[in-house]
Amino acid sequence: MPNMKRLISNHNKRVLNQQPIDQTTNYCNCRDKSKCPLVGACLSSSIVYSAKVTTVSHNDPTIMTYIGMTGGDFKARFNNHKKSFHNETYKKETELSKYIWSWKESNTSFNIQWNILNRIPTRMTAHGQCNLCTEEKLAILSADKASLLNKRSENVSKCRHRNRPSQP
């Protein structure tokens with residue numbers, strides 16, 4: 001077993017050598033940049049995002065919001081969302097896909113606007129809490145309840161990143 005000096009030294013090296021998340025760099029590999037879901041930032045990772053769904057039914061616009069997060073890059077999560085929008089076997093995968101399918105079945109057009117709410121590393125705190133999961137729960141709790149698609153039960157779900165190595 002390593003001695004205390006080496007444990008502290010390794011911890012200090014790890015903490016001091018961490019690279020901060022670059023808030024200004026946009027990453028995108030979309031062929032058509034005008035169709036990028038996050039306007040040039042689709043390869044961003046460790047983010048809390050929102051999807052605003054706008055529908056017009058009987059000349060009455062409705063705007064509902066879904067809040068989600070991903071520890072990997074957003075483009076993979078976005079493709080998973082698209083799969084659930086287009087393939088009926090996955091229509092109950094998320095609250096967002098359930099909502100989209102309700103409009104698709106009534107032949108009503110809709111528009112989805114994706115935004116990054118926060119970038120935060122998937123790192124476990126000393127208390128065993130994941131920063132990314134905590135940030136998503138805070139975003140859900142602080143959102144307008146009348147226009148939110150997320151269920152309250154999502155706030156008591158366990159961290160998906162617990163068994164995953166930390167990302168900077």
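Quick caveat: nothing in here was measured; it's all calculated off a predicted structure.
- Legend: salt bridge (charged side-chain N to carboxylate O under 4.0 Å, His left out) pairs involving residues 68-85, not counting sequence neighbours, sorted by first then second residue: Lys83-Glu93.
- In this structure, the side chain to side chain contact (heavy atoms under 4.5 Å, CB included) partners of Thr62, at least two apart in sequence or on a different chain, are Thr55, Met64, Tyr99.
- Taking the centre of each ring, Trp114 and Phe74 come in below the 6.0 Å mark.
- Geometrically, Lys104 engages Trp101 in a cation-pi contact defined by less than 6.0 Å to the ring centre and at most 45° from the axis.
- Among residues two or more places apart in sequence or in another chain, the salt bridge (Lys or Arg N to Asp or Glu O under 4.0 Å) test is passed with Lys52 by none.
- Residues His81 and Tyr90 place their aromatic rings such that the two centres sit no closer than 6.0 Å.
- Contacts of Ser109 classified as side-chain hydrogen bond (donor to acceptor under 3.5 Å, both in side chains), with partners at least two apart in sequence or in another chain: none.
- With hydrogens and angles disregarded, a donor-acceptor distance shorter than 3.5 Å links the side chain of Ser142 to the backbone of Leu138.
- With sequence neighbours excluded, no residue forms a salt bridge (Lys or Arg N to Asp or Glu O under 4.0 Å) with Lys33.
- Proximity of Thr65 to Asp144: side-chain heavy atoms (C-beta onward) are nowhere separated by under 4.5 Å.
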side-chain hydrogen bond (donor to acceptor under 3.5 Å, both in side chains) between Ser46 and Arg119, intermediate numbers included: CA-CA 6 Å; Ser46 297; Arg119 298 173 200 243; over 6 Å; no
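- Partners of Lys91 by salt bridge (Lys or Arg N to Asp or Glu O under 4.0 Å), not counting sequence neighbours, listed by chain and number: Glu88, Glu105.
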Full working for side-chain hydrogen bond (donor to acceptor under 3.5 Å, both in side chains) between Glu95 and Asn150: CA-CA 6 Å; Glu95 292 301 317; Asn150 298 75; over 6 Å; no
